[in-house]
Colleague: 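Submitted below is the structure of interest, expressed as structure tokens.
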Amino acid sequence: MTGEVLPDGSEGELVFTSLTKEAMPVIRYRTRDLTRLLPGTARVFRRMEKVTGRSDDLVILRGVNLFPTQIEEIVLRTPGVAPHFQLRLTREGRLDALTVRAEARPDAGPQVREAAARAIAQQIKDGIGVSAGVEIVEPESLERSVGKIRRIVDERPR
């Protein structure tokens, strides 16, 4: 994001600002929502396309704001789990569902993996306030691109 004003119809971050108040300082509020301003019409008001995404990693799951860093903190303090994880978002019926896929450490046995999955699910429920499924997968099994894991896989229908 460069902070430059974009022409009508270009996708960018929605920013609110107070430019018409002379006595007030210019305050900008970054929403981090991605959208487009539509070309003007004969009406006085501007029109905006629906919000198509976000410029940060925030996930809104059943009304709860969730950052991947919150999950990362939980995964990092769980024994038997490597620091590599992925969030998979799906829709089950009419509700969104979250599954955390975390890699096991090479020396973690089946009992350690089961205990880690239960601990991660409970800490997410207690600390963040949403229920999540947890899968402990084999070491080095999550896809990586140039050493970095794609943290969020959103499989929800648009």
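Values below: all heavy atoms of this structure, side chains included; hydrogens, waters and symmetry mates excluded. Here the structure is a predicted model, which is why all the values come from computation and not from measurement. Sequence positions, counted from 1, serve as the residue numbers for this chain.
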Colleague: For the residue pair I120 and I136, establish whether any side-chain heavy-atom pair is separated by less than 4.5 Å.
Modeller: yes
Colleague: State which residues pass side-chain hydrogen bond (donor to acceptor under 3.5 Å, both in side chains) with E138; sequence neighbours excluded, sorted by chain then number.
Modeller: R113
Colleague: Measuring from atom CG of L14 to atom CD of E49, what distance do you get when rounded to the nearest 0.5 angstrom?
Modeller: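 L14 atom CG to E49 atom CD measures 12.5 Å (nearest 0.5 Å).
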Colleague: Can you hop from F67 to I71 via hydrophobic side chains spaced under 4.5 Å?
Modeller: no
Colleague: For atom CD of E92, is the number of surrounding heavy atoms from other residues, nucleotides or ligands below 6.0 Å larger than 12?
Modeller: no
Colleague: Are any non-hydrogen side-chain atoms of I74 and I128 less than 4.5 angstrom apart?
Modeller: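 They are in contact (side-chain heavy atoms under 4.5 Å apart), so the answer is yes.
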Colleague: Applying side-chain hydrogen bond (donor to acceptor under 3.5 Å, both in side chains), can you list everything that pairs with D33, at least two apart in sequence or on another chain?
Modeller: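 Residues passing side-chain hydrogen bond (donor to acceptor under 3.5 Å, both in side chains) with D33: R54.
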Colleague: Linking I/L/V/M/F/W/Y whenever any side-chain heavy atoms sit under 4.5 Å apart, do L58 and Y29 land together?
Modeller: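 No, no single cluster joins them.
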Colleague: Heavy-atom distance under 4.5 Å between the side chains of L87 and V100, does that happen here?
Modeller: yes
Colleague: Within a strict 4.5 Å, meaning less than it, do heavy atoms of the L98 and L89 side chains meet?
Modeller: yes
Colleague: Hey, does the side chain of E135 reach the backbone of R101 with a donor-acceptor pair shorter than 3.5 angstrom?
Modeller: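 No, because the side chain of E135 does not come within donor-acceptor range (under 3.5 Å) of the backbone of R101.
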Colleague: By the side chain to side chain donor-acceptor pair (under 3.5 Å) test, which pairs, at least two apart or in different chains, include something from residues 61-83?
Modeller: R77-Q123
